Each structure stands twice: as C-alpha cells, then as structure tokens.
Visitor: 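Questions regarding the structure given below will be posed in turn.
Start at 1 and go down the list; that is how both ligands and their atoms are numbered. None of these values were measured; they are calculated from a predicted model.
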Amino acid sequence: MSKKDQSFSPDAGLEHGINLLHQVSFETENLPKKCPNSGIGELKTLDLLAPHVLGRAARLDRSDVLAHMDPPTPWITWVAALWNASLNQNLLHPATSPFAIDAEKLVIEWLTPFFGMNGGHMCSGSTLANLTSLWAARDAVGIKRVVASKASHLSIKKSARILGLTYEEIPTNSKGQIDSEQLKNISDACLVLTAGTTATGSIDSLKLAGQAKWTHVDAAWAGPLCLSPTHAHLLEGIEKADSVSVSAHKWFFQPKDSALVMFRDLKKANSAISFGGGYLTSSNIGVQGSRGAAAIPLLATLIAWGRDGLVQRIDRTMLMAAKLAEKLSNKKRVALWALPTTGVTVFRPLTCSTDELQKRLPEGMFSTCILDDENWLRSVAANPLADIDEIISIIDDEIYGIIPNHTHI
Ligand SMILES: *Cc1c(COP(=O)(O)O)cnc(C)c1O
C-alpha cells in the first residue's frame, strides 16, 4: 500500500460516482454471497453497486409519485452530505465538530421561533424527537400518563412503553382530529397533539395546547407549514406547547436522518435530558450519543433557497394536493375522504376495490391506509416535481378505461 492510502483521497472516484448517478440503464450483476476476503477496489465496486443502489431504488422524484412523506432531495443537500461523510464530524464532542456544532445552533436559532419554541437540538427522526420530548416531560415535570388520539403516530405509544408511562388513546372525530369532548382530566398528563397525522394529515385542535401538565406537538409532517405565510395559521396555538417535533427529512426536503426536537423552556427540558461525565467536555443532551451534522445540509438549503424558496416548494405541493382533491371530488366513481388540510389526500374508487386500483396504478403513485375498517388510497404531496394532470389522467384511464368522453362521469 502506498505511503498515503488512496482510499482516503478520491481523485477520479468521486467524479465516476457522480457520472453513475446520471446513468439511466444498468446491467445488474449479483453481489458477493459472503463477505469477500479480498476486495475488488473502489471503482469496480461503484460499477457493481450502481445498478443495485441507483437502479433498484424507489424514485421519489418521478412526476407520478405521491405516495409517502419522503421527498426528493435538492442537490445542494447531496453536496453537503458528501462533505459530511468525508469529514465525519461528531456532534457529541465540540473538539470533533467545531463548525458543525455552530451550524446546528444557527439552524435551531433560525427555525425555533416559527414554532414559538426557544431552543432544541437535531436528532435522526421524529420517532426519536418524540421519545426525547416525552422523556423531558417525564423527568422535568413528573408526568406519568401520555394522552394522545387514536391517529397519533406509533412512536408515541412506543415512547410511552420505553419510558414506563401509561398510554391512553382518545377516539378521533370525523375530521381525524382528537375528539376533545372525550378528553377528561388531563391536568397531570402529557397531552400529545398531532399536527399532520400520518394517515390523513389532520391537525388536532391546537387550542388544547397548554391545558395539560405538558403538551407535546408531534408536527413531524406538517410542522414546516409554520414557515409559510399562507399556511402558518393552520398551526396556530403550537407556540403554547412545551415541546415540538419536526422531521426535516419530510417537508424540509432533507436527506435522512434529519429532525428537530424543540422546547419552549429549553433550560428546564435540557436539565432533564442531559448527562455529563468523564471524558465529555460538554454534557450529552438527548437520546443519541455520536451523531452527524444533519444541520449542514439543512443550513445549505436555507441559505440557498431562503425561507421564500423553501416556502414556495411547500406551498406548491399544497396546491397540488388541493388540485388533486378538487379533480377527484368531481368524479362520481371516486369517494374523497375529506378535503386535504396538510397535503394528504385520501380517497377510494367506488367501482372496484382500493387494492385492485392500487395494483393497476404505477408503483409509488399512492399508498394505502385503513380508516374505519375501510381501505383508502393515500396521497402525500411531498414531491414538488409531481404532475397532477398526469396523475389524474392515469387514474382516469384505470377507473374509466376506454369509455370515451369520460371527464364528467
Ligand atoms: C413520520 C412521522 C413520525 C415519525 O418520524 P420519523 O422521522 O419517521 O421517525 C412521527 N409522527 C408523525 C405524525 C409522522 O408523520
């Protein structure tokens, strides 16, 4: 091996990797069955892996893809992620991440005011952000019960289980929101409100924030609407929460693993979720130990697009959902669950089963959800590159087949 191990300095390798990213068709070769004893070298590895990694990936940027909360990512985040991988900074130690720590502080400082919070940190997803928030609730104010709606994300129940807290589920109303009439005494509980439920995108009444001993708002999906002058009103009341979770790898268009956990009283929360000790020069806040600089791609996106550019993309996807719902609502052979509030449109065909239609549609166009024992198609407007007219015409073809002049049926 040469004096300087070339595996740590890329030369032509990165360029080759980027070229492969643009290649459209690949011939797939089998991967080794066992961990190889001798390696084939970096360039050959890229050629071997590209057909699998790139060729067999779900394409989230296709114009007919609207199924999930996973967006395509802007290329500025690819560069930032590449820098991150090459530098391998560790947010656990200031000595191993001098700028990365500042970048996270900056991003948190910029974004928390939109949610009425005054600080927080990043973690790898809202599952962890929710766990961190309920942990803070338990140890900062001593709550023993978590109250959430039936439509809350499974990570709430999971967190309650991990933390040894009682989990109480409240039914939802016809709009998929927590049925506040069924909320009994919550003055000693942690109330979890969801801003953008995973199945229907419903927002629980945020007027309830502040009525429990601790209120956590799980805004994993719809939180980014707080930056939009057009849509922020939907989340009015969020500022009364004690903690808020937002997944940046959803509607902030970030690569995984990127989320924010934010607190209104940062000092109180941090004192409950910090561990000092030994070799750490500053205490470890939150659940994760070593973690990467997810703030840097987010920082790059915010600087490159500005708030306006980010909001433009979010608002565009909101318009897409509205357009999709409007077109679907005019079809007699389709039942729309409700008009979308946060970009999630739920509907089902009336002339065949949901499963049947789903099978005939391109993969990734829609997902499914079960509501009141009924199967529905679910569309999530996370893809700013989607083409609603194209999607509608594909649905039309499948529902109406060859019936001519079908647009008003
Ligand atoms: C996606 C989602 C989560 C979980 O977030 P991850 O980032 O996938 O861990 C939690 N709550 C809601 C409402 C979500 O939509």
Visitor: For G196, state whether at least one heavy atom is located under 4.0 Å from any atom of ligand 1.
Guide: yes

Visitor: Between T301 and Q254, do the side chains contain an N or O donor and an N or O acceptor separated by less than 3.5 Å?
Guide: yes

Visitor: Ignoring hydrogens, just give me the one of K250, H68, K256, K158 whose non-hydrogen atom is nearest atom 1 (C) of ligand 1.
Guide: K250

Visitor: D257 near ligand 1, heavy-atom distance under 4.0 Å?
Guide: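 D257 does not count as a contact of ligand 1 under the 4.0 Å cut-off.
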
Visitor: I need the atoms of ligand 1 closer than 4.0 Å to a non-hydrogen atom of H249, numbered in the order shown.
Guide: 6 (P), 7 (O)

Visitor: So, using salt bridge (charged side-chain N to carboxylate O under 4.0 Å, His left out) as the criterion, who are the partners of R145 when residues are at least two apart?
Guide: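 R145 satisfies salt bridge (charged side-chain N to carboxylate O under 4.0 Å, His left out) with E168, D188 once adjacent residues are dropped.
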
Visitor: Any idea which atoms of ligand 1 are less than 4.0 Å away from a heavy-atom of S247?
Guide: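 What qualifies from ligand 1 is 5 (O), 6 (P), 7 (O).
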
Visitor: Output yes when a side-chain donor or acceptor of D5 lies under 3.5 Å from a complementary backbone atom of S7, and no otherwise.
Guide: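 Checked: pair present.
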
Visitor: Any N or O on D218 sitting closer than 3.5 Å to an N or O of ligand 1?
Guide: yes

Visitor: Output the list of atoms in ligand 1 that are nearer than 4.0 Å to some heavy atom of T127, sorted by atom number.
Guide: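 The list of qualifying atoms is 4 (C), 5 (O), 6 (P), 9 (O).
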
Visitor: Under 4.0 Å from a heavy atom of N130: which atoms of ligand 1 are those, numbered in the order shown and with their elements?
Guide: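 Within the 4.0 Å cut-off of N130, ligand 1 contributes 10 (C).
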
Visitor: What atoms of ligand 1 come closer than 4.0 angstrom to any heavy atom of H153?
Guide: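 Taking each heavy atom of H153 in turn, ligand 1 has 2 (C), 3 (C), 4 (C), 10 (C), 11 (N), 12 (C), 14 (C) under 4.0 Å.
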
Visitor: Would you find a donor on one side and an acceptor on the other, under 3.5 Å apart, between the side chain of R316 and the backbone of P384?
Guide: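 Flag set: sc R316 to bb P384 pair under 3.5 Å.
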
Visitor: Does some side-chain heavy atom of P32 sit less than 4.5 Å from a side-chain heavy atom of L48?
Guide: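 Answer yes - side chains close enough.
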
Visitor: For the pair D242 and K213, find out whether any cationic side-chain nitrogen is under 4.0 Å from an anionic carboxylate oxygen.
Guide: no

Visitor: N/O of T197 under 3.5 Å from N/O of ligand 1, yes or no?
Guide: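 No; the residue has no nitrogen or oxygen that sits under 3.5 Å from a nitrogen or oxygen of the ligand.
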
Visitor: Check side chain to side chain contact (heavy atoms under 4.5 Å, CB included) between E169 and all other residues, then give those that pass, not counting sequence neighbours.
Guide: K150, K157, Y167

Visitor: Quick one: nearest non-hydrogen protein atom to atom 5 (O) of ligand 1, plus distance?
Guide: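 I find the closest protein heavy atom is S126 CB, 3.2 Å.
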
Visitor: Under 4.0 Å from a heavy atom of A220: give me the atoms of ligand 1 that qualify, with their elements.
Guide: 2 (C), 3 (C), 10 (C), 11 (N), 12 (C), 14 (C)

Visitor: Any atoms of ligand 1 less than 4.0 Å from a non-hydrogen atom of G125? List them with their elements.
Guide: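 Listed by number with element: 7 (O), 9 (O).
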
Visitor: Could an N or O of ligand 1 be found under 3.5 Å from any N or O of S155, whether backbone or side chain?
Guide: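 Among all N and O atoms of S155, none is under 3.5 Å from an N or O of ligand 1.
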
Visitor: More than 12 foreign heavy atoms under 6.0 Å from CZ of R161: is that the case here?
Guide: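 Result for CZ/R161: open.
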
Visitor: Counting distance only, does the side-chain N/O of Q358 pair as donor-acceptor with the main-chain N or O of T368 below 3.5 Å?
Guide: no

